[in-house]
A.B. asks: 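Below you will find the structure I want to go over with you.
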Amino acid sequence: MSGHGEAQPMTARKSGPLSGTAAVPGDKSISHRALIFGAMAVGETQITGLLEGQDVLDTAKAMRAFGAEVTRHGLGDWSVHGVGVGGFREPADVIDCGNSGTGVRLIMGTMATTAMTATFTGDASLRKRPMGRVTDPLSLFGTRAYGRQGGRLPMTVVGAANPVPVRYALPVASAQVKSAVLLAGLNAPGETVVIEREPTRDHSERMLLGFGAELHVEKGTEGHIITLKGRPELRPQSVAVPRDPSSAAFPVCAALIVEGSDILVPGVSQNLTRNGLYITLVEMGAEIDFQNPREEGGEPVADLRVRFSGNLKGIEVPPERAPSMIDEYPILSVVAAFATGKTVMKGVKELRVKESDRIDAMARGLEACGVRIEEDEDTLIVHGMGAGGMPGGATAATHLDHRIAMSFLVAGMAAQKPVSVDDASPILTSFPIFEGLMKDLGATLERG
Ligand code: S3P
């Protein structure tokens, strides 16, 4: 859907106050993994709360192409009849992962240690993104990959017929790379070991344990040493997908900057590998109450009561926090524009290889809205203009990036003049109900 159809411009006007409950959809990372691990189990996995965004639908389609039976029973209610570890069949056609880096990288890992060949492609955004970070470690198993210059899609991956187990220290803090290696390790004999210096989202590890794999994590001076025993028989599970904290970030941040707002966002993950934004917002002076802490779908969650916060202060975000909020820097940079003082985001060069170069996309769009920005390869600095201080009155280019589109629409809800985006259609990849949900809270969003 995203990037394949016509561009869908959208405009946000000064809104609010925002009020009510923002029930955001299922977690994208966990939804991809539920489908993929379900496909690797023997028998039927039931999933509730699955995100029906285009990224996840593309992964569902890919799992069917590799031989799993994937069935939709109702909204968010799905089942996967898995083929077992090593049971994938060779797909008859090219696998199109659309806009999804997580989809393509995890699926490459999953097929990499089975004797078969698969060709992967994606939309114009995904075809620009580097795949070498995954195919390099996969080559250690004996997998071969042939792509375009710079390791770009389309790419043909030849799975290893006789894989060997691997010990791999991640050169970048990436849950996608970690997960691809673990998924490949599932069908290798012996023990596959992944070492990560900085902890990244741990959904694959949690889910592997849930599906009955033998996995242990040792926390040492080197970081986390994750050891997985190959060739387990994965047992099908009932997976209740919790809400997506990366989607919750948009109504939460909108309420913080739109005057008079007071909203409730239920079930926001407090998983330490995902909650960096919320810690940062509190440090900036955000009025957020974390209510009713509990566990949902195996994740620690809380209900967030969020109120307009007119005295936000710019801070320096610790670089070691980046992996736990990597997808949230675009919306944080919008909040920073409504704070006083500067917000310094260092150690964020991974943002340059997301669905778009997010440092560049945010810097150019915020500058067009009248905000002073400084940037270098690894840093973004936003000079805040205080509550209600952003002039707005600009159109931001979204570069097929859902989070850039949603960030600028949130900016427009609090800026003095409207803010438009050239294409809101990528929002469908991760947050298909964004427009309706934000309007129900009181946001003024218009097509065009
Ligand atoms: C994801 C990992 C992150 C994140 C992406 C989802 C995942 O990417 O940006 O949206 O589900 O594993 P990296 O692993 O490249 O940091």
A.B. asks: Does a sphere of radius 6.0 Å around CZ in Arg197 hold more than 12 heavy atoms from other residues, nucleotides or ligands, not counting ones at 6.0 Å or beyond?
C.D. replies: no

A.B. asks: Shortest non-hydrogen contact from Arg133 to Val353?
C.D. replies: NH2-CG2, 3.6 Å

A.B. asks: What I'd like to find out is whether the side chain of Thr71 reaches to under 4.5 Å of the side chain of His81, using heavy atoms alone.
C.D. replies: no

A.B. asks: Can you tell me how far CG of Leu51 sits from OG of Ser247, rounded to the nearest 0.5 angstrom?
C.D. replies: 7.0 Å

A.B. asks: Using modelled atom types only, decide if a donor and an acceptor are shared between the side chain of Asp123 and the backbone of Leu126 within a distance under 3.5 Å.
C.D. replies: yes

A.B. asks: Just by distance, do the side chain of Thr11 and the backbone of Gly448 share a donor-acceptor pair under 3.5 Å?
C.D. replies: yes

A.B. asks: Can you tell me how far CZ of Phe211 sits from CG of Leu186, rounded to the nearest 0.5 angstrom?
C.D. replies: 11.0 Å

A.B. asks: Determine whether Phe66 and Met111 make a side-chain contact, defined as any pair of heavy atoms from C-beta on separated by less than 4.5 Å.
C.D. replies: yes

A.B. asks: Say whether, by atom type as modelled, one donor and one acceptor occur between the side chain of Glu52 and the main chain of Leu75 under 3.5 angstrom.
C.D. replies: no

A.B. asks: What are the two closest heavy atoms between Ala254 and Val410, and how far apart are they?
C.D. replies: CA-CG1, 3.7 Å

A.B. asks: Hey, is CG on Asp376 packed in by over 12 heavy atoms from elsewhere, all under 6.0 Å?
C.D. replies: yes

A.B. asks: Answer whether the closest heavy-atom distance between the side chains of His32 and Ser100 falls below 4.5 Å.
C.D. replies: yes

A.B. asks: Flag the pair Val181 / Phe141 as yes when at least one side-chain heavy-atom distance between them is below 4.5 Å, and no otherwise.
C.D. replies: yes

A.B. asks: If you compare all heavy atoms of Leu380 against all heavy atoms of Ala363, which two are closest, and at what distance to 0.1 Å?
C.D. replies: CD1-CB, 4.3 Å

A.B. asks: CZ of Arg352: more than 12 outside heavy atoms within 6.0 angstrom?
C.D. replies: yes

A.B. asks: Might you confirm whether atom CZ of Arg72 has over 12 heavy atoms from other residues, nucleotides or ligands at distances under 6.0 Å?
C.D. replies: yes

A.B. asks: Check this for me, if you would: do Glu191 and Arg167 make a salt bridge, where the nitrogen-to-carboxylate-oxygen distance has to be below 4.0 angstrom?
C.D. replies: no

A.B. asks: Could you list the residues that satisfy salt bridge (Lys or Arg N to Asp or Glu O under 4.0 Å) with Glu355, not counting sequence neighbours?
C.D. replies: Arg129, Arg358

A.B. asks: Looking at Arg243 and Glu296, does any basic side-chain N land under 4.0 Å from a carboxylate oxygen?
C.D. replies: no

A.B. asks: Please check if the number of heavy atoms outside Glu218 that lie under 6.0 Å from its CD is greater than 12.
C.D. replies: no

A.B. asks: Would you mind reporting whether Thr200 and Lys178 have side-chain heavy atoms less than 4.5 Å apart?
C.D. replies: yes

A.B. asks: What pair of heavy atoms forms the shortest contact from Glu196 to Leu170, and how long is it?
C.D. replies: CB-CD1, 3.6 Å

A.B. asks: Could you report the tightest heavy-atom contact between Gly38 and Val80, atom names first, then the distance?
C.D. replies: C-CG1, 3.6 Å

A.B. asks: Give a yes or no on whether Glu233 atom CD has more than 12 heavy-atom contacts from other residues, nucleotides or ligands under 6.0 Å away.
C.D. replies: no

A.B. asks: For Glu205 and His224, does a side-chain donor sit closer than 3.5 Å to a side-chain acceptor?
C.D. replies: no

A.B. asks: Check whether any side-chain heavy atom of Met116 sits under 4.5 Å from a side-chain heavy atom of Phe88, and report yes or no.
C.D. replies: yes

A.B. asks: Is the shortest heavy-atom distance from the side chain of Thr117 to the side chain of Glu90 under 4.5 Å?
C.D. replies: yes

A.B. asks: Inspect the surroundings of CD in Glu214 and state if more than 12 heavy atoms from other residues, nucleotides or ligands are less than 6.0 Å away.
C.D. replies: no

A.B. asks: Measure the shortest side-chain to side-chain distance between Ile95 and Thr119 over non-hydrogen atoms and say whether it is less than 4.5 angstrom.
C.D. replies: no

A.B. asks: Out of the candidates Lys28, Arg274, Arg201, only one should pair with Asp327 under the salt bridge (charged side-chain N to carboxylate O under 4.0 Å, His left out) rule; please name it.
C.D. replies: Arg201

A.B. asks: May I ask you to say whether Lys346 pairs ionically with Glu320, meaning some side-chain N is under 4.0 Å from a carboxylate O?
C.D. replies: no

A.B. asks: Do you know which two heavy atoms are closest between Leu409 and Val419, and how far apart they sit?
C.D. replies: CD2-O, 4.3 Å

A.B. asks: Given side-chain hydrogen bond (donor to acceptor under 3.5 Å, both in side chains), test Glu350 with Ser174 step by step and report yes or no.
C.D. replies: CA-CA 9 Å; Glu350 271 296 296; Ser174 166; 5.5 Å; no

